[in-house]
Amino acid sequence: MDRKRIQNWQDFFVKLDERKERGVFFYRISGYNGQVQELLEQYDRVAQYNGVVLERKIPNPDEKKLSYYQEIMGLDFQMQIGFFSSALEKWLPRVKEKQRKEMAAALYQSLDYFRRNGKNENMLKNAYIKYMCWLYYYFERIINHLGENDVAKILYEGEIGNYELMMLVILSCVGCDVILLQYKGEQSYRTVDPESRWSDRLELDGMVSFPDRFSIQQVRENRKNKENRVEESNIYGKKPELSPCTNIWMKEKGFSSIQIEGAKRGENPKLFYNCLIRINGVEDKLTYQNELYQFQLELKSKKRKVVIIEEKIPLPTVEEIAAVQKKDYNRLEQMLADLANQNIRYTANIELQQVIRTAFFDLLLEEGRRENSNINRLKNRAVYLLCWLKRYQPELFFDWKMPQIGCFIYLDGCQNENEAMFCRFLSRLPVDVLILVPDQKKRCILQDSNLYEINYEDTLEVLQFPREDTKIHLATAAYHAERELDTLMYQNSGIYRNQQYHRAAAVTLQTMYEEIQILWGQELKYRPNFSIVNNFVNLPVLFAKVSGVKNGNLLDYWLEIKSLLTEDVLLIKKVPYIKATDENPIKRYAAEFFKNKKLQRTKIKSHPSYSYGFLREEMQEYILDKLQLLIEQKTIKGTFENGTEYTILSTVLNMNQDLLRMIQKFDFTKKNPKIVHINTTEEMVSLEDAILMAFLNLIGFDIVLFVPTGYQSIEKYFQQVLLEEYQAGEYLYDLEVPDFEHLQEKRHWTWRDKIFKRGH
C-alpha cells in the first residue's frame, strides 16, 4: 500500500476509505509540542486496541523461538517472491491472500535493499528468519486486519536499527500506520535512513526537543488524569428535553395500542409515548397468525419503522465487536462516559442522541449496582448493547423526528440477560417493544417495572413471523387438531415422526465382535443406550476396526463383509480415499472461515465456495455444530498446534455428493448411514481420511474398517482412542478386494449334482 503525507495530525485517525488519498502514513517524530502530546495520547490509545506499541527495541529471536520456527518451516530460503508467499501462507495462515502477496513483495523489497548494500546470502537468510519470527511473535494479532478500513497502528519508542526499520516498512506496505518516536532527534535517525527514504518527518509549528524522561508511559498517565477529571464531572452532560412515557397512556391492550400513531398518544411535547408489552400464549389459534400478518401490514401502511426478530437476536459478529471503541477501565462512570462518547453518535438529531445516551447511562448504572461492580462483566454486556444499537439504529431511527415511534417485535422472547437488557434499553427510547411468546413451552426472562404483560391459555408454535416478504402459512382448524394429536402420539410413546428431531450426539457402542452383524441392520431407536432428552437424541453407533482374518478363511471373510453392504452403505476400498493434493476450493478460505476458535457461520454459508446450501437448513447447522465440536475436542493430532484445524475445516466442508445425500436423508430415529472401509495393502490412509471418519462418527454414521494386515489405520491421527478394535484372526497380506456383486458362497457338489448338473 502506498505511503501518503498528512495534511494535519488528525489525519492519522481517518478511516482508510475516507482519506483524501488512499494510503498509509509512516512518520517519525523528532520534536515535541502540545499537538504532539495530543497526537500521542490518542494514537497510543488506538494502537493498544488496534495495533502494536513497542516500548523498547524488538529483541532477536531466542533459541526456543528459532527452534519452533525450524520445526515448522525448516531452514529453506529462496530469494523469490513466490517462495516468500508460500512460506507466509504456512507460517501465518490467518493472513488474507491480498495482504500475503503484498507482504511477500515488501519482504523481497527489503531483503533486496540489504543485498544491494552488500549483504551476502547467509545474512539475507538470517534476516528473513528474524522477520518471520518477529511477524509471528510480535505482530501476529494484527496481521489479519492489515489493509482494513480501520487502519492498524504501530508506535515505536526509542532509537531504531536497520532491521527493525525495514520490519516496520514491510508492515507499512501491507496497510499499517507507523509512528517512530526519535527522542535523540533527526540526526540519530539519519544514521539508518540517510536519504529519509522510508519515513516522513512530522513538522509542526513550535516544536522543541523532547522533555527529559519523556516516554509513552508518561503520555498514558497524562491521558488517564484527563479521563479521571472527566469521570468526576456529571457523565450525563446536558440532559435531553424529551423523556419516555411508557404504557401508562394506554387505554387498549395488545396490538391495538401499538397501532396508534405517536402524535395521537398524548399531548405533552416533552414526552414520547411508547409501549413495553409481552404477550404470552395466544387468544385464538385459528386467527393468531392472520392477526400478526394484518398487524404488520397496518404498521407498514402508516410508514412505521419496524424491526422483527425471530427466535433469537443474532450475536454480535467479530467485526461488530471490533467496531466498538473501547479500552480497559478502572471505574464504572469512566467506562460509561468513554463508551458513550466514542460509540453513541446521532448527529442528524442531537436531542435523540442525548435520549439514547441518557438511557444508556440509566440502564448501565442500574446494572452496575446489580452486578456488584464487576467492571469487566459489565463492559462485555455494554459492548453487546452497543453492537446491537449500531446494527438496528438505522432501521429504527433513520431521519427520526418527534413524535415518530419505531417498533421492535421479538418473536419467542429474551433467552438471556444480554437480550433482556437490550429490550429494556430500547423501551427507554422512542420505540415500542413488543415481545410475543405464543408457544407456552418457551419462556422470556425479561423483567422490568414498566413491563405490561398479557397472558392467554392457548399455545401455538410459530416458527416465523408472517410478513409480506415471506411465504405465509395460515393453519386451518383441522391442522391444529392434527398437531395436538401429534403431541399425544409422538411424545414419550416410542413412535416418531419423520425427521422429528434436529439435534443429536453419537455414542460409540462397546460390543462383542459378533454383535456388529446383529446391530448393523437395526434402526437406532432399537439399539441399546438410545434415548431422547429434551429433544436431543443420543445415537448409539458403531466405530470399529477389524484386524486380521478369522481362521484365515478368505471366502468367509469376504462374504461377511458382503453381508454388511446393504442399503445406505458407502464402500471405500481405495486408500487413501482423500489425498492432500485433491482439488479443494475451501482451503484458500479456511483461515477466513475460522477465527478466534469459532466457525464464522454467516460468512461460510454466504460464501460462493460453500456447496452445502441445498441441504435442509437444520442439517446444515448440524454439520457445522459437529465440525465446531471436532475442532474444539482436539480429536485430531496437531489441532491448534500447526494449523490442522484449517485442514479439518476444509476437509469437512468439501465432502462429495454421495456422502451429502446420505447425510441429507439421515433420520436420527431410523437406520443410520454406514461406511465399510477396506485396506488390504501397505498404503497409508491420509490425515484427511482420518478427519472425515472422525467427523462422520460424530454425525452418527456406523463405520467399520477391515484391515486384514493389522497395520495402523486412521487411529494414528487421533489424540485418544476412538475406535473399538477387534483382533479377528491371523494377519494376511497382498489381498485383492473381490467383486462383491458376483461373490458367491462355494457350493458343495453331491454325486447327484455331478451326474445331473447338465440338467440344471
Side-chain angles (χ1 to χ4, degrees), residues 1-3 12 15-16 22-26 43 46-55 58-61 65-66 68-69 72-73 81-111 127-156 160 163-180 198 317-319 321-323 587-598 600 603 640-643 645-646 649:
M1 190 172 292
D2 293 337
R3 191 173 93 231
F12 277 105
K15 294 184 184 297
L16 186 61
R22 185 179 175 84
V24 295
F25 308 128
F26 193 142
Y43 194 93
V46 175
Q48 288 188 67
Y49 161 66
N50 181 28
V52 176
V53 179
L54 300 164
E55 298 179 58
I58 311 176
N60 287 325
K65 291 173 182 175
L66 290 172
Y68 178 69
Y69 173 83
I72 301 301
M73 302 295 294
I81 292 179
F83 171 80
F84 296 153
S85 182
S86 297
L88 287 166
E89 183 175 16
K90 181 177 181 181
W91 183 239
L92 301 169
R94 293 204 303 157
V95 179
K96 301 181 183 73
E97 184 177 6
K98 180 177 182 295
Q99 279 70 39
R100 184 172 65 250
K101 289 179 179 179
E102 291 176 350
M103 190 178 292
L107 188 56
Y108 179 86
Q109 178 189 30
S110 298
L111 294 177
Y128 161 76
I129 293 174
K130 178 185 296 189
Y131 286 157
M132 294 289 273
C133 289
W134 282 352
L135 285 168
Y136 183 85
Y137 288 105
Y138 294 98
F139 302 101
E140 198 274 341
R141 75 183 185 90
I142 66 164
I143 56 176
N144 193 42
H145 302 291
L146 297 182
E148 292 183 353
N149 205 27
D150 282 325
V151 183
K153 312 290 186 207
I154 295 177
L155 178 58
Y156 183 96
I160 194 163
Y163 289 108
E164 293 165 300
L165 177 59
M166 297 311 293
M167 178 78 266
L168 300 187
V169 169
I170 292 169
L171 292 167
S172 172
C173 291
V174 190
C176 274
D177 287 337
V178 182
I179 285 182
L180 307 178
W198 305 116
T317 65
V318 174
E319 291 77 13
I321 292 173
K587 279 185 180 179
R588 71 190 67 175
Y589 306 111
E592 186 179 334
F593 289 166
F594 190 75
K595 296 180 180 178
N596 301 318
K597 297 188 176 182
K598 292 291 180 184
Q600 306 301 299
K603 186 172 289 186
F640 298 128
E641 293 176 5
N642 55 18
E645 59 272 19
Y646 301 114
L649 183 146

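Position 1 is the first residue of the sequence, and the numbers go up from there.
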Pair Tyr136-Tyr69, ring-ring contact (aromatic ring centres under 6.0 Å, His included): steps then yes or no = CA-CA 10 Å; Tyr136 183 85; Tyr69 173 83; 9.3 Å; no
Start with the C-alpha distance between Glu592 and Arg94, add both sets of side-chain angles, then the distance that settles salt bridge (charged side-chain N to carboxylate O under 4.0 Å, His left out), and finish with yes or no.
-> CA-CA 7 Å; Glu592 186 179 334; Arg94 293 204 303 157; over 6 Å; no
Kindly indicate, with the supporting measurements, whether the criterion side-chain contact (heavy atoms from CB on, under 4.5 Å) is fulfilled by Lys153 and Asn50.
-> CA-CA 6 Å; Lys153 312 290 186 207; Asn50 181 28; 5.9 Å; no
Given the rule in the side-chain contact (heavy atoms from CB on, under 4.5 Å) test, do Val318 and Gln600 qualify, once you have shown the distances and angles that lead to the verdict?
-> CA-CA 9 Å; Val318 174; Gln600 306 301 299; 3.9 Å; yes
Start with the C-alpha distance between Glu102 and Cys173, add both sets of side-chain angles, then the distance that settles side-chain contact (heavy atoms from CB on, under 4.5 Å), and finish with yes or no.
-> CA-CA 7 Å; Glu102 291 176 350; Cys173 291; 6.0 Å; no
List the steps and the verdict of side-chain contact (heavy atoms from CB on, under 4.5 Å) for Met166 and Tyr131.
-> CA-CA 9 Å; Met166 297 311 293; Tyr131 286 157; 3.1 Å; yes
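By the 6.0 Å and 45° rule, Lys587 does not stack over the aromatic ring of Tyr646. A cation-pi arrangement is found for Lys597 relative to Phe640, the charged atom lying closer than 6.0 Å to the ring centre and inside a 45° cone about the ring normal. Taking the ring axis of Tyr163 as reference, the NZ or CZ atom of Lys130 stays within 45° of it and closer than 6.0 Å to the ring centre.
Taking all atoms of both residues into account, the shortest heavy-atom contact from Met103 to Ile170 is CG-CG2, 4.0 Å. Nearest heavy atom pair, residue Pro93 against residue Ala591, reads O-CB, 2.8 Å. When all heavy atoms of Leu111 and Ala127 are compared, the closest pair comes out as CD2-CB, 3.8 Å. Summarising the geometry of Leu16 relative to Glu148, their closest heavy-atom pair is CD2-O, 3.9 Å, with the distance given to 0.1 Å. Among all heavy-atom pairs drawn from Val24 and Ser172, the shortest one is CG2-O, 3.4 Å. In terms of heavy atoms, Glu645 sits closest to Glu641 at OE1-N, 4.3 Å.
Under a 3.5 Å cut-off, the side chain of Arg588 and the backbone N or O of Glu97 do not form any donor-acceptor pair. For Trp91 (side chain) and Met132 (main-chain N/O), a donor-acceptor pair under 3.5 Å exists by modelled atom type. Formation of a donor-acceptor pair under 3.5 Å by the Asp150 side chain with backbone atoms of Lys15 is not found in this model. For the pair Asp177 (side chain) and Phe25 (backbone), a donor-acceptor distance under 3.5 Å is present. Not a single donor-acceptor pair under 3.5 Å links the side chain of Ser85 to the backbone N or O of Ile81.
Separation of atoms CZ (Phe594) and NZ (Lys603) is listed at 13.5 Å; rounding is to 0.5 Å. To the nearest 0.5 Å, atom NE2 of residue His145 and atom SG of residue Cys176 are 11.0 Å apart. Rounding to the nearest 0.5 Å places CG of Leu88 at 7.0 Å from CG of Leu135. Considering OH of Tyr589 and CG of Leu649, their distance stands at 13.5 Å, rounded to 0.5 Å. Put simply, CE on Met1 and CZ on Arg22 are 5.5 Å apart, with the number rounded to the nearest 0.5 Å. Summarising the geometry, atom CG belonging to Asn642 is positioned 8.5 Å from atom NZ belonging to Lys90; distances are rounded to the nearest 0.5 Å.
Side-chain atoms of Leu54 and Leu155, non-hydrogen and from C-beta on, never get closer than 4.5 Å to each other. Contact check for Phe12 versus Ile179: side-chain heavy atoms found under the 4.5 Å cut-off. No side-chain heavy atom of Tyr156 sits under 4.5 Å from any side-chain heavy atom of Val178. In this structure, the side chains of Phe139 and Ile154 come closer than 4.5 Å at one or more pairs of heavy atoms.
Using the six-membered ring where Trp is involved, Tyr68 and Tyr137 have ring planes that are perpendicular, over 60° apart on the 30 and 60° scheme. Using a 30° and 60° split on the angle between ring planes, Phe84 and Tyr108 fall in the tilted class, from 30° to 60°.
Within a 6.0 Å sphere centred on NZ of Lys595, other residues, nucleotides and ligands contribute more than 12 heavy atoms. Counting heavy atoms of neighbouring residues, nucleotides and ligands inside a 6.0 Å radius, atom NZ of Lys101 does not exceed 12 of them.
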